[in-house]
Structure formats: C-alpha cells, structure tokens
Amino acid sequence: MAEITVSKLVKSFEQGNNILDGLSFSILAGERVGILGHNGCGKTTLFRILVGEIGYDEGAVSVTNGRRIGLISQIPVFPPEWTTEDVLKSAHRRLYALSERLDELAEQMEHNASPALLQEYDRLSERFGSEGGYQMDVDRNRVANGLQIPAAQREQLFSTLSGGEQTRVNLARLILEDTDILLLDEPTNHLDLRATEWLEDYLLHFKGTVLAISHDRYFLDRVVQRCIEIQDGKAEFYSGNYSFYVQERERRFQEKLKQYEKDQAKIEQLTRAAEQMHLWAFMGNDKLHKRAFSMEKRIEKLQKTERPVEAKKLGVKFRQREFNGDEALVIEGVSKAYGNKQLFSDLSMVVTGGERIALIGDNGTGKSTLVKLIMNLETPDEGYLQLGPAIRSAYLPQLVCFTNDSRSVLDTMLYDCRCQPQEARDRLAAFGFRGEAVLTPVGALSGGEKSRLRLCMLMGSDINFLILDEPTNHLDIASREWMEDALSDYEQTLLFVSHDRFFIEKFATRIWALDDGQITDFRGGYREYCAWKERQTVFQQVQKNAKKKEKKERPHSPNAERQRARLEKEIAKLEEQIAALDREADDHASDYQKLMEIGARREEMDAALLTLYEQWEVLDE
C-alpha cells in the first residue's frame with residue numbers, strides 16, 4: 001500500500017519557472033528511498049511540501065491518515081529556557097502526560113478506589129508500558145550516546161548550541177519520537193564518521209519509511225533501496241542504491257545517445273529522399289510531392305528529439321611544483337590545549353613527499369586545529385612543526401573567506417590570482433561559474449560555491465603540498481566528482497580532513513586517526529585501516545577475557561598446539577587475501593559495480609577471519 005503519493009505536482013517561485021513540473025511518484029510503507037538531483041532541482045522544496053510547510057500550484061499530495069512525518073532539516077522553535085535535555089524529553093511528551101495522569105489516579109485511589117478508577121489506571125498503565133514508558137531514560141541515553149551528544153551539552157541551553165549541534169539534537173528528538181516517516185535532508189552533514197555509522201545502523205533497523213536527500217555516497221549505498229532523481233521537475237526512477245543509480249544512469253544515457261544518433265541518420269536519409277522526390281515531381285509526377293510531404297512530417301517529428309546532455313566534467317587540473325626532498329613535514333612533540341581542554345599532546349610524525357594522508361576523528365578532537373598549526377595560523381603550546389624548505393603549500397579551509405565580499409566572482413579571480421580576464425572566465429566556467437554567475441558578489445555565494453571558487457583559485461598556483469579541511473562539505477555529488485577528477489592526477493603531497501568515506505577511500509594512502517589526544521598512524525588505505533581496527537577490537541576483547549578469567553595450569557597438549565599452529569597459518573593466509581582484495585579495490589576506485597562486488601567478498605572474508613580468531617581464543621584459553 002502506498003504511504004506517500006505525489007501526483008503531477010507543480011511548484012514555481014517565479015512566474016513561468018516551475019521548479020517542480022509534473023512530479024509524480026509513490027512510496028510504499030517501510031521503503032527507504034534516496035531523493036537525488038543537482039542543487040536547486042527542488043529536493044528540499046518537495047520535503048517542505050510533504051510536511052505542509054509550503055503549498056503547491058497544481059497536482060495532489062497524499063499521506064496515509066495517522067502517519068507522523070518528521071523532517072530533519074526543520075528545527076522547531078523551543079522556549080528560550082529549554083536545555084538540550086528538555087528538547088530530548090519533549091519527544092516523550094505523550095508518555096510524560098500519561099505518567100502524570102497515572103500519578104493523579106494513584107492519589108485519587110488512596111481515598112476512593114472505585115472500579116472505574118481501577119479500570120482506567122490498569123488501562124493507562126498497560127499503555128504506558130507497551131509504548132516504552134519504562135524505557136524512556138534508557139532510550140534517550142542510547143540515542144544521545146549514538147549521536148555523540150555529551151552529558152555537558154545536554155545541560156546547555158538549546159539556543160546556545162551551534163547550527164550543527166541543534167541539527168544533531170533535533171535528529172535525536174525525531175528518532176526518540178518514533179516517527180512513522182522520516183524525511184532526512186542532508187542528515188550526515190554535521191555528523192562525524194562514528195555518528196554517521198550509528199545513524200546508518202539505526203535506519204537499517206527502522207520499521208518506518210525513510211526519504212533521504214544526501215550527498216554522502218556511502219550513506220546512500222548502505223541505507224536506500226531505490227532512488228528517485230528529480231530532473232527538469234519530473235521523476236526518474238532507479239530500482240537500487242546509489243551504485244546501481246550511477247551504472248543505470250550511464251546505461252540510459254548511452255541508450256538515448258544511440259537513439260539520437262540513429263534518428264539523426266534517419267533524418268539525413270529522409271531529407272535526401274524528400275528532396276529527390278520533389279525534384280522528380282517537378283519533372284511531371286505530382287504524386288511524388290505528397291510522398292515527399294509525408295517524409296517531411298516524419299522528419300519534423302524526429303527533429304523534436306533533443307540530444308541527451310551528460311554532466312560536464314572538470315576541465316582543469318592542479319598545477320604542480322616538483323618536490324625533490326624527503327621530508328615534506330616534520331611534527332615533533334606537538335601539544336595544544338584551549339583552557340582546560342587538552343586537544344592533543346606529544347604528537348610526532350614525519351610526512352614524506354607524495355603521501356596522501358586522511359586526518360579522521362570525532363568532531364571536536366582537534367583535526368582543524370592541527371591543520372591550522374601546520375599552516376602556521378596558530379602556534380602549538382609545546383613542540384614544533386616544520387615544512388620542508390622546497391615546500392609550497394595551499395590550504396582550503398572549512399569556512400572559506402575572501403578579502404572583499406562585495407567583489408564579484410570574476411573580480412575576485414582577477415584581483416587575487418592576477419590572471420587575464422579570458423583566463424579567469426575559462427577557469428571559472430570549468431567550475432560551473434558561467435554567464436551572469438561570474439558577476440555575483442562572493443559574499444552572496446553559498447558555502448559550497450565559496451569552496452568551489454577557492455578551489456578554482458588554488459588550481460592556478462604551483463603547489464606540492466595541498467591541505468584540505470572538509471573539502472566536500474556543502475558540495476553536491478556532481479561537485480564532489482569534479483573535485484575528485486581534479487585531484488586524481490595530483491601526484492604531490494596531500495593532507496585532508498574528511499568524513500566522506502568515499503573520498504577517503506579513493507585518495508588516502510595513510511590514515512591519521514585522532515582520538516583521545518593521540519594519533520594512530522596507519523600506513524595504508526581506508527579499507528585496510530577499518531579491517532585493522534576491527535582486528536584490534538577482537539584482540540582487545542581476547543585480552544579482556546583473558547584478564548577476567550582465572551587461568552588454570554593445564555598439562556601440555558600437543559594436539560592443541562598443532563591446532564593453534566594450523567589456525568595461525570589460516571589467519572595469516574586470510575589476512576594476505578584481504579590485503580590483496582584491498583589493493584584490488586584501490587585499482588577499481590572509480591568502478592562502483594566492481595567495488596560493490598569486492599565489498600561483498602570482503603565481508604565474507606572478514607566474517608571468516610572473525611570465526612578463526614574466536615577459535616584461536618578458545619584454544620588460547
């Protein structure tokens with residue numbers, strides 16, 4: 001049964017310019033659907049229509065009666081005196097109302113235990129328990145911990161939180177409300193890797209319906225079952241996750257292109273035939289005019305078919321400066337604190353030329369601070385950071401600012417990059433700034449547009465150490481792919497902070513995982529790091545179990561020793577196979593379908609490896 005039905009929906013914000021133009025689709029109960037499309041195609045407008053925040057011009061929208069819809073991007077206004085905990089508790093307002101009524105009934109029954117009061121008390125008590133009344137505190141702690149809302153933040157006034165923190169708290173509130181239909185508008189934008197993975201697991205077990213707008217390709221691959229792309233105000237349907245969408249979209253494009261080329265060849269053939277028939281008709285056979293006119297009508301119909309247009313790829317690459325030294329960056333004994341909060345201490349690493357390092361970690365651990373220390377924008381409390389003498393660095397910060405917000409995009413390029421007008425226009429066009437868009441003041445640009453412009457400006461410099469802080473934040477999927485195209489041929493040193501797992505996996509050859517004031521320095525790609533981390537978790541559990549259990553002296557068992565030796569060989573062999581599979585994944589980083597196949601094989605091998613570890617643990621004990 002369809003839970004959401006949208007039929008021939010039309011919505012315009014300007015006269016004659018329909019952002020939604022006949023949009024139609026149905027969503028079944030329990031489905032998880034990805035809503036795709038370029039920025040400005042109407043995705044968020046659709047969500048605002050579904051929750052009744054704005055109206056529409058034509059068409060119909062229906063949601064099954066009694067179903068509750070929650071929109072993540074829409075943060076309600078709460079009383080100014082409310083703390084974060086008050087906002088979280090508001091998710092259980094119905095249960096708190098029931099609890100108050102039960103207290104009133106209990107007080108009344110002390111004086112008059114009438115059958116009516118007893119009956120109402122029993123009925124409400126059963127309802128309170130069945131709806132999770134006795135689990136409220138446990139559920140609230142579970143969700144808050146999963147989305148990394150710390151105890152101190154729960155005591156803060158909600159109004160004092162940042163926009164990202166408020167979004168996270170609102171997400172937690174909607175999850176606790178047990179909403180029937182979740183509309184997620186960029187839910188992972190303000191989440192780090194751990195919180196994103198928690199949200200993915202929650203949604204995979206969520207019994208309701210999910211519609212998600214997201215630029216996180218890993219998130220879409222894990223969570224959604226099918227995709228709806230909004231294109232020219234209408235819906236295109238894809239019966240699979242994001243990887244399926246990419247492959248199927250390309251197949252449809254090639255099919256349309258072949259049909260277009262076939263139609264063009266037919267037009268050329270019919271045009272020649274019609275001209276010949278008109279010529280013969282003038283020579284005395286008037287009937288041929290009718291046949292020629294009939295052909296021209298067919299030509300007219302075929303000419304209505306437009307050539308399919310593929311998304312434009314990035315047309316420029318980074319200019320690179322050759323680096324001949326060994327050490328691009330030296331970090332020695334670096335510590336940094338803000339007041340009583342120690343971000344990290346005694347960090348020591350050496351970066352050599354050509355390495356690609358992903359700096360990952362939870363929000364607030366100090367990743368951006370470390371990047372600013374490297375760029376000499378802040379000073380360490382202890383230790384030192386030194387770039388190599390031949391290093392020429394470039395930095396893309398998380399929040400991009402320009403020297404003069406009133407200057408246009410074009411003037412900013414001309415003043416800051418000191419290039420010729422035509423060169424400036426060509427470079428801007430490659431990054432999607434065309435026509436009148438180059439005359440927009442930079443202060444009026446969105447966050448994603450500012451990042452694109454800054455990246456465009458960086459590409460004109462000779463650099464050999466590129467530092468990026470959350471480079472894919474605020475970028476739609478097409479813009480992320482543009483950036484990946486630009487970086488794919490960059491062979492010099494790269495250091496980037498990111499929560500975009502697809503981006504990390506594609507570029508990182510070394511992982512710096514910042515946690516609890518220290519960095520785990522792992523030499524390898526992201527998949528290899530995740531596998532290593534999982535193995536470490538297993539080993540830690542083995543050690544924990546060993547400490548808990550009191551070891552008893554056992555006689556030497558040659559058979560057990562042989563089994564342990566066999567298991568250790570099998571574990572080593574399987575680890576080699578996993579490493580080879582990771583290298584194969586790196587070789588096919590741009591092949592979505594191949595990565596899905598490799599991922600499935602990897603999951604099977606990981607499961608087998610965990611089983612071997614468990615067997616080894618039993619023998620060890």
Measure across [X] and [Y] and return the closest heavy-atom pair with its distance rounded to 0.1 Å.
X: Phe402; Y: Asp405; result: O-OD1, 4.0 Å
X: Leu95; Y: Phe128; result: O-CE1, 3.4 Å
X: Leu23; Y: Leu20; result: CD2-CD2, 4.1 Å
X: Ile19; Y: Gly40; result: CD1-O, 3.5 Å
X: Phe244; Y: Ser239; result: CE2-N, 3.6 Å
X: Val224; Y: Cys227; result: CG2-SG, 4.1 Å

Distance in Å, [X] [atom1] paired with [Y] [atom2], rounded so as to fall on 0.5 Å steps:
X: Arg67; Y: Glu3; atom1: CZ; atom2: CD; result: 4.5 Å
X: Leu455; Y: Leu487; atom1: CG; atom2: CG; result: 7.0 Å
X: Ile175; Y: Leu88; atom1: CD1; atom2: CG; result: 10.5 Å
X: Ile504; Y: Tyr529; atom1: CD1; atom2: OH; result: 10.0 Å
X: Leu410; Y: Thr440; atom1: CG; atom2: OG1; result: 11.0 Å
X: Leu46; Y: Tyr56; atom1: CG; atom2: OH; result: 11.5 Å

Tell me whether [X] forms a cation-pi arrangement with [Y], defined as NZ or CZ under 6.0 Å from the six-membered ring centre and within 45 degrees of its axis.
X: Arg226; Y: Phe237; answer: no
X: Lys11; Y: Phe13; answer: yes
X: Arg173; Y: Phe78; answer: no

SB check [X] [Y] (cutoff 4.0 Å):
X: Lys8; Y: Glu58; answer: no
X: Glu248; Y: Arg251; answer: yes
X: Glu484; Y: Arg217; answer: yes
X: Glu131; Y: Arg127; answer: yes
X: Arg501; Y: Asp216; answer: yes
X: Lys533; Y: Glu197; answer: no
X: Glu177; Y: Arg68; answer: no
X: Glu104; Y: Arg101; answer: yes
X: Asp201; Y: Arg222; answer: yes

Quick one: are [X] and [Y] in side-chain contact, heavy atoms under 4.5 Å?
X: Ile49; Y: Val6; value: no
X: Leu199; Y: Val223; value: no
X: Gln148; Y: Trp198; value: no
X: Ile35; Y: Phe47; value: yes
X: Arg168; Y: Asn363; value: yes
X: Ser12; Y: Asn17; value: no
X: Lys367; Y: His499; value: yes
X: Leu428; Y: Cys456; value: yes

Under the 3.5 angstrom rule, does the side chain of [X] hit a backbone N or O of [Y] as a donor-acceptor pair?
X: Asn241; Y: Asp221; value: yes
X: Gln166; Y: Phe158; value: yes
X: Arg93; Y: Ser90; value: yes
X: Ser214; Y: Leu220; value: no
X: Ser7; Y: Ser24; value: no
X: Asp139; Y: Leu176; value: no
X: Gln153; Y: Pro150; value: no
X: Lys450; Y: Cys401; value: no
X: Ser125; Y: Asp122; value: no
X: Lys43; Y: Ile230; value: no

Thr167 and Asn170 side chains, donor-acceptor separation under 3.5 Å: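 Checked: Asn170/Thr167 side chains show no N/O donor-acceptor pair below 3.5 Å.
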Is it true that the side chains of Gln254 and Glu250 contain a donor and an acceptor less than 3.5 Å apart?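 The criterion, which ignores hydrogens and geometry beyond distance, is satisfied for Glu250 and Gln254.
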Does the pair Leu453 and Val400 meet the rule for a side-chain contact (heavy atoms from CB on, under 4.5 Å), with working shown? CA-CA 9 Å; Leu453 177 56; Val400 177; over 6 Å; no
So which of Val169, Asn141, Val87, Asp86 actually passes side-chain contact (heavy atoms from CB on, under 4.5 Å) with Arg154? Asn141
What pairs with Pro79 under side chain to side chain contact (heavy atoms under 4.5 Å, CB included), at least two apart in sequence or on another chain? Glu81, Trp82
Partner set under side chain to side chain contact (heavy atoms under 4.5 Å, CB included) for Lys89, not counting sequence neighbours: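 Lys89 satisfies side chain to side chain contact (heavy atoms under 4.5 Å, CB included) with Glu85, Tyr96, Arg140 once adjacent residues are dropped.
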Geometric class of the Tyr242/Tyr245 ring pair [parallel <30°, tilted 30-60°, perpendicular >60°]: tilted
Criterion side-chain contact (heavy atoms from CB on, under 4.5 Å) on Leu396 and Phe496, from CA distance to verdict: CA-CA 9 Å; Leu396 179 66; Phe496 61 93; over 6 Å; no
Test side-chain contact (heavy atoms from CB on, under 4.5 Å) on Leu211 and Thr209; report intermediate values, then the result. CA-CA 7 Å; Leu211 273 69; Thr209 303; 4.0 Å; yes
Is Asp57 atom CG crowded by more than 12 heavy atoms from other residues, nucleotides or ligands, each under 6.0 Å away? yes
Does Ile181 form a side-chain contact (heavy atoms from CB on, under 4.5 Å) with Ile27? I'd like the steps, not just the answer. CA-CA 11 Å; Ile181 302 170; Ile27 307 292; over 6 Å; no
